[in-house]
Asker: 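Below is one structure. I have some questions about it.
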Amino acid sequence: MPTTSSKLSAGRLAAHLVFILFSAFCVLPFLYVISISFSSERDVALEGFKLIPKNVTLFAYKYLFASPTSLLQAYGVTILVTVAGTALSLLLTAKLAYALSRKDFRFKNLFSFLVFFTLLFNGGLVPWYIMITKYLQLNDTLLALILPYVILPWHVLLMKGFLADIPPELIESAKIDGAGEWSAFYTIILPISKPALATVGLFIAFVYWNDWWLGMLFIDKGSLTPLQYLLYRIMNNITYLTSAVRAGNVSIDTSQFPNESARMAMAILACGPMLLAFPFFQKYFIKGLTVGAVKG
Amino acid sequence: METTYWQRLTKDINKHKGLMALAFPGLLFVLVFYYLPIFGLVLAFKNYNYSDGILGSPWSGFDNFKFFFTSDAAYQVTRNTILLNLCFIVLSTILSVVFAILMFELGRKSVKVYQTAMFFPYFLSWVVVSYVTYALLNPEMGVINMLLESFGMDEINFYFEPKYWPFILSFAYLWKSIGYALLIYYTGLMGIDRTYYEAAAIDGATRLQQVRKITLPLLTPLITLLTLLAIGKIFYSDFGLFYFIPANSGALYGTTEVIDTYVFRALRVSGDIGMASAVGLYQSLVGFVLVLTVNAIVRRINKDNAIF
């Protein structure tokens, strides 16, 4: 910080005003979504979307939970993919990044080039899509939602930035004790890298949780639809919900059908855990950013 | 000579086999998911059919490219991609640099709430953001149209009016990414040596002079680097923004269709795989040349800032 005079000058006041307005610009639109999800369909139809619901009702949420199969399935898929994907991705990213971070590794430059060249040039969507669907036959499997993101070059770069800080003497001392690279990695490197693993792990979990791309490309089967993709399909076609209700034999007066509010309630449910974890995430993101910005 | 080279290599492999084994699983994923598809680029010169696969399908020369480049789509998607991305780069850079400097001036503690508020949209997926924009833009009930109505103005059916979309997309882009972009600059500012400011204050420099003579010059390398990097990626766009926010409305393609969404639709909707890969190759090659050019420029300005 520059020499701080904390007295309130006109300039500081103006800056605060700018930030208050811009913060409102960032938060308000989402507050509308929350408000609509708690509004009754009649109020919405008569008065449009309001920042504060005229009558607060849980109807849209009750409606969604009246036949929760597709929603719960989507939650299950997303949680499973996020947990399994993050575990696998974190382990392989850490191993690869560790090898690349070792200055005495003979193939460090070659391997680094192989990983980071992909950031500059790639085959594009179509060959990648055909390889996964035709040659690996992954479409309509959970693996299609996990494997393509296991190694993302940016995560390797980030992890490498963290692991490069490990003092070489520590690795040397492990070697004197007769430990091979493999056991040194598991018994020494992993335990002392917990903060790095937590940060990169959150980045990875964030990618898996928020992903709709793989679902959109590779999943047709309803039972394997991840949350974000389900959300997209609902946006695209509200009748998807109607058919789910009919299949569940839930009798609901269709004139009361909570069209807009149910959509918004669905959006809130889809980002729910992310909203709760957000303050926690933010801290780690900033930390990761610092490492990435300094070393990247 | 050659034998000794191979002997040395074998010896090195033996000596480093532990580290190679650690790197191997990750590297395997890189080879399968990033390098194998590169060979698939031959598809751009083929008339692909599913049963013959990539290798068996008949060659078609440059037909796929001809088809794309003689259509109106080629100009339209290239123009949209470049102009919209340029717009994003300019707006985002100016806004995030100004905000970062203002935050830096105000001090770390008092801006924490603002940072959280501005960073929040970054954590939403584009699908969720499309619900937010829907709440704002809906023709009958949307927030913006309610506002217009209360001023006695006519409603706008945004999802059928292409002319508004460059602005809407820019707003959506800034809304989601500004918190992240400004954090990068803010982090850069935190690294500035504080004694510069102390010295300047002793010499009687005003705050504005300090910003102009110290903060901005020290931030310039980072601004240059990030801008050039963004220009290097100008041929690629954030798919979710261009696909979900316009809600797939065909009436809007004129101003919202970019190379990435065009390739996706050619692949998944019209199923024209040969043409989709031709456009993909066009994107990859131009993108690659751009990155190399940009890197060469960065290198000339300041060697330390070059990416490679």
Side-chain angles (χ1 to χ4, degrees), chain A residues 1-4 12 15 19 23 26-27 29-30 32-33 36 44 48-49 92-93 95-96 98-99 102 105-107 111 114-115 118 120-131 134 148 150-151 180-182 185 210 212 228 231-232 235 264 267 270-271 274 278 281-282 286 289-290 293, chain B residues 12 16 18-23 25-27 29-30 33-34 36-38 40-41 43 53-54 102 105-108 114 116-121 123-125 127-128 130-132 135-136 141-143 146 175 183-184 187-188 197-198 201 210 244 263 267 273 276-277 280-281 283-284 288 291:
Chain A
M1 264 148 290
T3 50
T4 342
R12 285 180 73 88
F19 282 125
S23 300
C26 287
V27 177
F30 194 75
Y32 271 102
V33 174
I36 298 163
V44 169
F49 299 152
L92 297 196
T93 301
K95 282 182 174 183
L96 180 57
Y98 172 67
R102 281 277 298 270
F105 182 32
R106 161 76 164 77
F107 302 99
F111 285 16
L114 281 175
V115 174
T118 60
L120 307 178
F121 187 79
N122 58 68
L125 171 65
V126 182
W128 180 78
Y129 174 81
I130 290 176
M131 186 196 67
K134 183 176 164 66
V150 166
I151 296 291
E181 296 290 358
W182 197 268
F185 177 76
N210 263 353
W212 33 263
Q228 301 289 336
L231 194 62
Y232 162 67
M235 180 48 123
M264 298 302 165
C271 48
M274 191 52 80
F278 166 65
F281 263 68
Q282 191 194 8
I286 294 173
L289 209 64
T290 323
Chain B
D12 280 337
H16 292 273
L19 284 174
M20 287 182 75
L22 281 172
L27 218 51
F29 273 89
V30 173
F33 285 97
Y34 294 91
L36 278 185
I38 289 180
L41 281 171
L43 273 174
I54 291 178
L102 277 179
E105 289 289 318
L106 287 179
R108 188 189 274 188
Y114 307 139
T116 307
M118 289 185 203
F119 203 20
F120 162 75
F123 286 84
L124 304 175
S125 75
V127 183
V128 174
S130 78
Y131 279 69
V132 175
L136 297 176
M141 297 163 277
V143 176
M146 299 293 291
W175 187 73
L183 260 180
I184 296 181
T187 318
Y197 294 101
E198 281 157 13
Q210 291 178 25
F244 297 125
V263 171
L267 172 70
I273 286 176
S277 19
L281 181 58
Q283 185 186 34
S284 292
F288 188 49
V291 175

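First the proteins, then the strands, lettered A, B, ... as listed; each starts at 1.
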Asker: Decide yes or no on side-chain contact (heavy atoms from CB on, under 4.5 Å) for L22(B) and L96(A), but give the supporting numbers first.
Answerer: CA-CA 6 Å; L22(B) 281 172; L96(A) 180 57; over 6 Å; no

Asker: ring-ring contact (aromatic ring centres under 6.0 Å, His included) for W212(A) and F244(B)? Distances and angles first, verdict last.
Answerer: CA-CA 11 Å; W212(A) 33 263; F244(B) 297 125; 4.7 Å; yes

Asker: Is L114(A) in contact with chain B via its backbone, its side chain, both, or neither, using a 4.5 Å heavy-atom distance?
Answerer: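 Both parts, heavy atoms under 4.5 Å.
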
Asker: Pick one of side chain, backbone, both or neither for R106(A), based on which atoms fall under 4.5 Å of a heavy atom in chain B.
Answerer: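 Looking at R106(A), backbone and side chain both touch chain B.
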
Asker: Would F278(A) and T116(B) count as a side-chain contact (heavy atoms from CB on, under 4.5 Å) here? Give the steps.
Answerer: CA-CA 9 Å; F278(A) 166 65; T116(B) 307; 3.5 Å; yes

Asker: Closest heavy-atom contact between A117(B) and V27(A)?
Answerer: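 Residues A117(B) and V27(A), closest heavy atoms: CB-CG2, 3.7 Å.
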
Asker: Could you look at F19(A) and say if it's the side chain, the backbone, both or neither that has a heavy atom under 4.5 Å from chain B?
Answerer: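 Contact with chain B involves both backbone and side-chain atoms of F19(A).
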
Asker: Determine, step by step, whether F33(B) and I151(A) satisfy the side-chain contact (heavy atoms from CB on, under 4.5 Å) criterion, reporting the C-alpha distance in whole Å, the side-chain angles of both residues, the deciding distance to 0.1 Å, and the verdict.
Answerer: CA-CA 9 Å; F33(B) 285 97; I151(A) 296 291; over 6 Å; no

Asker: Tell me, out of V143(B), L183(B), L43(B), L36(B), who's got the most heavy-atom pairs with chain A below 4.5 Å.
Answerer: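 Highest number of heavy-atom pairs under 4.5 Å: V143(B).
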
Asker: Out of V30(B), V263(B), L41(B), return the one with the most heavy atom pairs under 4.5 angstrom to chain A.
Answerer: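 Heavy-atom pair counts peak at L41(B).
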
Asker: Over all heavy atoms of both residues, which pair between I38(B) and N122(A) is shortest? Give the atoms and the distance, please.
Answerer: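 Where I38(B) meets N122(A) most closely, the heavy atoms are CG1-C, 4.2 Å.
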
Asker: Identify which part of Y32(A) has an atom lying under 4.5 Å from any heavy atom of chain B, answering side chain, backbone, both or neither.
Answerer: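 Answer is side chain: those atoms of Y32(A) sit under 4.5 Å from chain B.
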
Asker: Is chain B contacted by the side chain of I36(A), its backbone, both, or neither, given a heavy-atom distance below 4.5 Å?
Answerer: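 Side chain only.
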
Asker: When heavy-atom pairs shorter than 4.5 Å are enumerated against chain B, which of Q228(A), K95(A), K134(A) gives the highest number?
Answerer: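 Of the options given, most contacts go to K134(A).
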
Asker: Just give me the residue among Y98(A), W182(A), F121(A) that pairs up with chain B most often, heavy atom to heavy atom, under 4.5 Å.
Answerer: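 Heavy-atom pairs under 4.5 Å are most numerous for F121(A).
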
Asker: I'd like to verify something: which residue of L125(A), T118(A), V115(A), V33(A) has the highest number of heavy-atom pairs under 4.5 Å with chain B?
Answerer: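 With the most close heavy-atom pairs to chain B, the winner is T118(A).
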
Asker: Do you know which of G53(B), G280(B), G188(B) has the most heavy-atom pairs under 4.5 Å to chain A?
Answerer: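 Most heavy-atom pairs within the cutoff with chain A belong to G53(B).
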
Asker: If I take atom CZ from residue F111(A) and atom CG from residue L19(B), how far apart are they, to the nearest 0.5 angstrom?
Answerer: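 Taking CZ in F111(A) and CG in L19(B), the distance rounds to 9.5 Å.
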
Asker: Specify the closest pair of heavy atoms between V128(B) and F30(A), including all atoms of both residues, with the distance to one decimal.
Answerer: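 So the two residues come closest at CG1-CE1, 4.1 Å.
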
Asker: For M146(B), which atoms come within 4.5 Å of any heavy atom of chain A: side chain, backbone, both, or neither?
Answerer: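 Contact with chain A: side chain only.
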
Asker: Between Q282(A) and F120(B), is the side-chain contact (heavy atoms from CB on, under 4.5 Å) condition met? List the steps.
Answerer: CA-CA 9 Å; Q282(A) 191 194 8; F120(B) 162 75; over 6 Å; no

Asker: Quick one: of C271(A), A270(A), A99(A), P29(A), who has the most non-hydrogen atom pairs under 4.5 Å with chain B?
Answerer: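 Looking at each option in turn, the highest pair count goes to P29(A).
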
Asker: What are the two closest heavy atoms between L102(B) and A15(A), and how far apart are they?
Answerer: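 So the two residues come closest at CD2-CB, 3.9 Å.
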
Asker: With respect to chain A, which residue among L281(B), L124(B), L136(B), I273(B) yields the maximal number of heavy-atom pairs within a distance under 4.5 Å?
Answerer: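 Highest number of heavy-atom pairs under 4.5 Å: L124(B).
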
Asker: Could you measure the distance from the CZ atom of F105(A) to the CE atom of M20(B)? Nearest 0.5 Å is fine.
Answerer: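 If we round to the nearest 0.5 Å, F105(A):CZ and M20(B):CE are 6.0 Å apart.
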
Asker: Just give me the residue among F119(B), Y34(B), W175(B), Y131(B) that pairs up with chain A most often, heavy atom to heavy atom, under 4.5 Å.
Answerer: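 Top count of heavy-atom pairs under 4.5 Å with chain A: Y131(B).
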
Asker: Among S125(B), A276(B), G40(B), S277(B), which residue has the highest count of heavy-atom pairs closer than 4.5 Å to chain A?
Answerer: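 Top option by heavy-atom pairs under 4.5 Å: S125(B).
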
Asker: Between the side chain of N210(A) and the main-chain N/O of F123(B), is any donor-acceptor distance below 3.5 Å?
Answerer: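 Yes, the answer is positive, given that a donor and an acceptor are paired below the 3.5 Å cut-off.
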
Asker: Do you know the tightest heavy-atom contact between A135(B) and F49(A)?
Answerer: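 Reported closest heavy-atom pair: O-CD1, 3.0 Å.
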
Asker: How far apart are the closest heavy atoms of G124(A) and S284(B), and which atoms are they?
Answerer: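 Looking at all heavy atoms of both residues, the closest pair is N-OG, 4.1 Å.
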
